[in-house]
Amino acid sequence: MALESSCDETSAAVVEMGEKRKILSNIVASQIALHALYGGVVPEIAGRAHIEAISSITYRALSEAGVKLSEINLIAVTSNPGLIGALLVGVNFAKSLASANGIPLVSVQHIRGHIAANYLEYSELEPPFLSLVVSGGHTSIVEVNSYTDIETIGRTRDDAMGEAFDKVARVMGIPYPGGAEMDRLARLGNPEAIKFPSAAILGDNLDFSFSGLKTHVINYLHGMSQKGAEYSKEDVAASFTKAVTTSVKKKLDIALSRKKYSTLVLAGGVSANSHLREALLEYCEKNGMRFCVPPLSLCGDNAAMIAAQGYYEYLSGKRADSSLNASPIG
Ligand code: KG4
Ligand code: ZN
């Protein structure tokens with residue numbers, strides 16, 4: 001069983017791992033409606049909403065899976081990174097549940113969890129592979145050498161990819177989180193309409209900067225409004241998305257020039273983006289690589305992915321005890 005409460009989703013899941021990889025239940029309670037009012041996640045509100053929901057979500061996950069707590073062999077919980085007040089709710093609840101019932105406990109790093117969502121979709125997927133993790137809080141190029149030997153080789157130096165989608169959307173009046181709506185709008189627009197700068201940092205590195213791209217788009221929108229000119233949200237969304245996908249391909253080219261990988265695994269909330277999925281599928285076909293991406297239900301934060309990674313962390317010998325703490329970083 002796993003618990004996830006790092007940001008604005010309270011989630012509990014029961015998963016069967018081993019020979020088979022099977023999700024028995026994966027309950028996700030989204031707090032989006034609570035935060036949309038403020039245009040972003042309010043940490044204080046997130047923590048309080050988690051504490052209200054976590055107990056009932058956990059018991060719903062057990063009942064939907066048709067499993068008793070006494071049949072659970074391992075409890076996994078997201079311990080970092082994330083909003084500290086949000087993480088502490090899951091960590092404390094998982095510690096109590098594990099200790100009161102004599103169940104082993106293991107902590108899971110959230111980004112590793114996102115990658116592991118793919119193990120649930122592709123039953124035969126095994127490391128090594130290259131992974132791109134893109135979410136509201138993270139943008140990383142990661143070398144997955146084994147299930148638990150995972151090295152970040154590229155990262156954003158400022159905003160995360162999802163954050164940039166959400167902020168551009170917000171300036172166009174789209175409610176938080178605007179990523180999914182940007183995806184829909186981009187399908188109706190012309191990706192060549194506006195030339196936006198790259199989010200790929202110049203030079204022989206695997207890093208991104210989404211802040212410059214975001215500011216450029218926002219300046220464009222403000223400039224148009226000040227001139228009283230109309231702009232097309234569809235064209236902005238399509239051109240912004242094109243700048244993002246082009247930047248990603250540029251960095252993947254550099255990663256592949258350094259080392260050959262047979263598989264690319266996309267993960268994280270922004271892996272739901274249909275344009276990014278299409279662009280990377282095409283990229284992989286061109287480069288003779290296999291492309292893996294989770295189904296939409298496993299792209300965003302959920303506990304099933306934490307359970308999947310927790311299983312491998314446990315197999316590698318990792319254990320958590322009553323001193324387990326949460327951390328906003330790492
Ligand atoms: O993984 P996630 O649920 O939370 C974090 O760990 O951050 O990712 C949420 C992010 C938000 O920024 C949201 O706007 C973005 O994923 N997102 C999308 C799409 N669906 C969700 N961004 C672009 N296109 C989408 N279809
Ligand atoms: Zn996430």
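- Here the CD1-OG distance, from I153 to S131, works out to 10.0 Å after rounding to the nearest 0.5 Å.
- Between Y283 and F291, a ring centre-to-centre spacing not shorter than 6.0 Å is recorded.
- By the 4.0 Å N-to-carboxylate-O rule, E124 lies close enough to R290 to be salt-bridged with it.
- Side-chain contact between V270 and V244 is absent, with no heavy atoms from C-beta onward closer than 4.5 Å.
- Residues F93 and V14 fall within the same hydrophobic cluster, defined by Ile, Leu, Val, Met, Phe, Trp and Tyr side chains chained together at heavy-atom separations under 4.5 Å.
- Salt-bridge formation is not detected for the pair E16/R21: no Lys NZ or Arg NE/NH1/NH2 atom is positioned less than 4.0 Å from an Asp or Glu carboxylate oxygen.
- Between E143 and K259 there is a salt bridge, with a side-chain nitrogen of the basic residue lying less than 4.0 Å from a carboxylate oxygen of the acidic one.
- Using a cutoff of 4.0 Å between basic side-chain nitrogens and carboxylate oxygens, E278 and R187 are scored as salt-bridged.
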Point to revise | Candidate pair D158 and S209, rule side chain to side chain donor-acceptor pair (under 3.5 Å), full reasoning | key: CA-CA 6 Å; D158 39 58; S209 165; 2.6 Å; yes

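- Classification of D207 and K251 as a salt-bridged pair fails, no side-chain N sitting under 4.0 Å from a carboxylate O.
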Review point. What do the steps show when you test D159 against S211 for side chain to side chain donor-acceptor pair (under 3.5 Å), and what is the final call?
Key: CA-CA 6 Å; D159 292 351; S211 163; 4.7 Å; no

Exercise for review: Check the pair H110, E4 against side chain to side chain donor-acceptor pair (under 3.5 Å), reporting the backbone distance first and the verdict last.
Suggested key: CA-CA 9 Å; H110 184 80; E4 152 67 41; 3.0 Å; yes

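- Between F240 and F165, the gap from one ring centroid to the other is short of 6.0 Å.
- Looking only at side-chain heavy atoms (C-beta outward), L62 and K68 stay at 4.5 Å or farther from each other.
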Exercise for review: Test H50 against D8 for side chain to side chain donor-acceptor pair (under 3.5 Å), laying out the working first.
Suggested key: CA-CA 8 Å; H50 284 307; D8 60 349; over 6 Å; no

Check your understanding: Where do V144 and I115 land on the side chain to side chain contact (heavy atoms under 4.5 Å, CB included) test, with the steps shown first?
Key -> CA-CA 9 Å; V144 181; I115 296 169; 4.1 Å; yes

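- A distance-only check finds no donor-acceptor pair linking the side chain of N101 to the backbone of S99 [under 3.5 Å].
- Counting heavy-atom neighbours within 6.0 Å of R60 CZ, excluding the residue itself, gives a total of 12 or less.
- Of the possible polar contacts, one joining the K95 side chain to the S322 backbone as a donor-acceptor pair under 3.5 Å is found.
- The side-chain contact (heavy atoms from CB on, under 4.5 Å) check on Y314 picks up L74, P104, R319, with sequence neighbours excluded.
- Remark: the backbone N or O of N145 is not paired with any side-chain donor or acceptor of D149 at under 3.5 angstrom.
- L324 places a side-chain heavy atom less than 4.5 Å from the side chain of V77.
- A heavy-atom distance below 4.5 Å is not found between the side chains of Y176 and Y38.
- By the 4.0 Å N-to-carboxylate-O rule, R48 lies too far from E52 to be salt-bridged with it.
- Using a 4.5 Å cut-off on side-chain heavy atoms (C-beta onward), P191 and H275 make no contact.
- Panel note: side chain E313, backbone V108; no donor-acceptor pair is recorded below 3.5 Å.
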